[in-house]
Amino acid sequence: MKNLRIKQIISMKADNQEMTVHGWIRSFRDSKAVCFIALNDGSCLSNLQIVIDRDKVDLTNIISDLTTGASVAVTGQLVASPKPEQPVELDAQTVQVLGPSPSETYPLQKKRHSFEFLREIAHLRPRTNTFSAVMRVRNALSFAIHHYFQEHGFLYIQTPIITASDCEGAGEMFQVTTLPLDNIPKENNSIDFSKDFFGKKASLTVSGQLEGEIMALALGNIYTFGPTFRAEHSNTSRHLAEFWMVEPEMAFCDINGDMDIAEEFLKYIISHVLENCEEDMAFFDKWVDPGKLEVLQQIVKSSFTRITYTQAIEELLKSKEKFEFKVEWGIDLQSEHEKFLTEKVYNNPVIITDYPKQIKAFYMKQNDDGKTVRAMDILVPRIGEIIGGSEREDRLDVLTARLKDQNLPVEEYWWYLELRKYGSAPHAGFGLGFERMVQFVTGMQNIRDVIPFPRAYGSAEF
RNA sequence: UCCCCUGUAGCUCAGUCGGUAGAGCGGGUGACUGUUAAUCACUAGGUCGGCAGUUCGAGUCUGUCCGGGGGAGCCA
């Protein structure tokens, strides 16, 4: 007799085979002659219907424990269901309550809860339909990401989580220290970091890109997939203080190759989810974001629109839309502009390239016009920027000048500059916010609902 | 960090003009039924987010603090 998971069971042919199933009760309906348990074990959205013939199974001692949330082991025979709602059901022989769940206090009801409430009970929310589906899709996306890169010869690289370089240049960092906070050692009124654990100031990484470039300029194509930390006081449905990021980096690759790979990669991981998470995706399409399936299927088939920043500005200027922020060449695109382009103008993912150099990072390769850099952002409806990438500046003199232009400490970038001094090569890469990808695919509105335990400004429960 | 909204039963919410609190769902009890977020009847359940103020009287008005949500900025 085998322990099977419900995902396997519901696709089996019912021929009275005996089996044991473990799971949590979603609902229990009883009567004198027959009882029904809707059992879920997290392997899939569907519940397995357990039928208990009370003439065959004595429930006297356990019936009061057969409540929503209780964990049970049921042994029985798999039979065809007489009703169309489910193909098979388990005709129980024995029912054992492993862990009761007092119904007076168990917070999950059979009906729908608000996501806000579920966030307060993050230890129980994976037992709901929506969250279990989110977690399965998240898992499938994660697998697809590795699969895409592995199939294409990219090496999976682990870049450091603790970094002593204060120069990753992507927002506020969390400091890491073992200094006693109630008695910080000072030297001339400033903190003496030489007494700290690493002998210098250290922080949590905000990006693995610079280290990724090191590895790409030795190994060819690499990718990272790990946690990233930003200490911004962001309080939106699209930001977390701790999130996961995918960052491929390709040697001997320019901005066009970068875009090609990013587009192919996005389509690949979306296809993977469409093919492997059919039931969960149908659920999101029905209950969370109607029309999502069609949008995703369309994206996989379509070519992403590619425009330059200059064209994007022209498009915004000629529109009749009233924007809060004035549109003119040189501004950074605001959320409202990005949404307008993806949702109203093109209704498709849009890749915008060649941004003004003033609004982009120092490491992006300058175009010959002297005004723009080879950056590319992929914007998607509702989420906005999902991928940000660029061809990297590979000319030592230009890069050094850019650092000085932006008043960055050139000495601290010595190793980054040496990559350009010895065997420099054109290279490019991009970063994908993993949670934003999960949001986009599932249609979930709040990023805190696509990660098991969200960390955000002022919030680190569980 | 800024702007807006919000906080009433376990959950989702209503509560008019300031006069001591209501529904649906969930829970409990019972009935009924191859049931499907079952159905029906009965029932319990409240420091109206905290503190201070105005008032004869505050869920309702004012101040303040705390929590939650949406938007902006920052970004992925």
Side-chain angles (χ1 to χ4, degrees), chain A residues 26-40 46-54 64 67-69 79 81-86 89 91 101-121 124 128-129 168-172 206-209 227-247 287 323-325 332-339 359-361 377-380 383-389 430-440 445-451 456-459 461:
Chain A
R26 282 293 177 82
S27 87
F28 177 69
R29 297 175 286 271
D30 75 313
S31 69
K32 283 206 184 89
V34 63
C35 306
F36 301 92
I37 294 173
L39 193 71
N40 189 279
S46 294
N47 300 322
L48 177 65
Q49 172 149 281
I50 312 289
V51 185
I52 307 170
D53 182 341
R54 298 194 70 172
S64 62
T67 59
T68 302
V79 297
S81 176
K83 292 293 178 73
E85 282 86 350
Q86 56 274 319
E89 56 192 32
D91 185 12
S101 174
S103 49
E104 299 86 359
T105 52
Y106 187 62
L108 292 176
Q109 300 174 178
K110 280 179 253 187
K111 72 169 204 179
R112 227 197 118 124
H113 287 289
S114 69
F115 292 135
E116 292 80 14
F117 171 66
L118 292 173
R119 257 170 242 157
E120 294 168 11
I121 49 167
L124 297 172
T128 63
N129 284 340
E168 289 172 347
E172 290 296 308
V206 292
S207 166
Q209 181 197 314
T228 307
F229 308 88
R230 304 273 168 94
E232 303 287 349
H233 293 189
S234 299
N235 206 342
T236 81
S237 56
R238 310 186 303 283
H239 289 87
L240 291 167
E242 176 183 291
F243 63 98
W244 288 67
M245 191 152 63
V246 182
E247 293 182 291
W287 298 106
F323 296 112
E324 192 187 335
F325 293 86
D332 206 354
L333 295 179
Q334 305 294 319
S335 291
E336 57 174 352
H337 304 141
E338 297 181 349
K339 282 179 183 167
I359 60 170
K360 286 292 180 185
D377 287 354
I378 302 187
L379 313 180
V380 295
I383 310 287
E385 185 180 342
I386 199 165
I387 278 181
F430 60 85
L432 169 78
F434 183 56
E435 280 74 18
R436 287 194 183 170
M437 191 64 207
V438 181
Q439 260 190 293
F440 180 62
Q445 302 251 352
N446 196 308
I447 200 165
R448 298 174 194 204
D449 298 331
V450 297
I451 188 168
Y457 180 60
S459 154
E461 280 295 310

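Numbered from 1 within each chain, the chains take letters A, B, ... in sequence-line order.
- The nearest whole Å value for the distance from the CH2 atom in A:Trp244 to the P atom in B:rA76 is 18 Å.
- Across all strands, A:Arg119 comes closer than 4.0 Å only to sugar-phosphate atoms, never to a base (heavy-atom distances).
- The P atoms of B:rA21 and B:rU16 are separated by 13 Å, rounded to the nearest whole Å.
- When distances are taken from the side chain of A:Glu104 to each of B:rG27, B:rA72, B:rC11, the shortest belongs to B:rG27.
- Distance noted for atom C1' between B:rG18 and B:rA23: 23 Å (whole Å).
- The closest donor-acceptor contact from the side chain of A:Gln209 to the backbone of A:Glu247 lies at 3.5 Å or more, if one exists at all.
- Rounded to an integer number of Å, the gap from CD of A:Gln49 to C1' of B:rA37 is 14 Å.
- One P atom belongs to B:rC42, the other to B:rG24, and the distance between them is 11 Å to the nearest Å.
- Among the nucleotides B:rA72, B:rG26, B:rA38, the one closest to the side chain of A:Gln109 is B:rG26.
- The nearest whole Å value for the distance from the NZ atom in A:Lys110 to the C1' atom in B:rG10 is 15 Å.
- A:Ala33 meets the side chain to side chain contact (heavy atoms under 4.5 Å, CB included) test with no other residue; sequence neighbours excluded.
- Applying the 4.0 Å criterion to OP1 and OP2 of B:rG28, one finds that A:Ser103 has a side-chain N or O inside that range.
- The shortest heavy-atom contact between A:Glu336 and A:Phe325 is OE2-N, 2.7 Å.
- As rounded to the nearest Å, B:rU29 and B:rC4 have C1' atoms that lie 47 Å from one another.
- Distance from the side chain of A:Ser335 is smallest to B:rG73 among B:rG68, B:rG73, B:rC11.
- Of the candidate nucleotides B:rG69, B:rA72, B:rG34, B:rG34 has the atom nearest to the side chain of A:Gln86.
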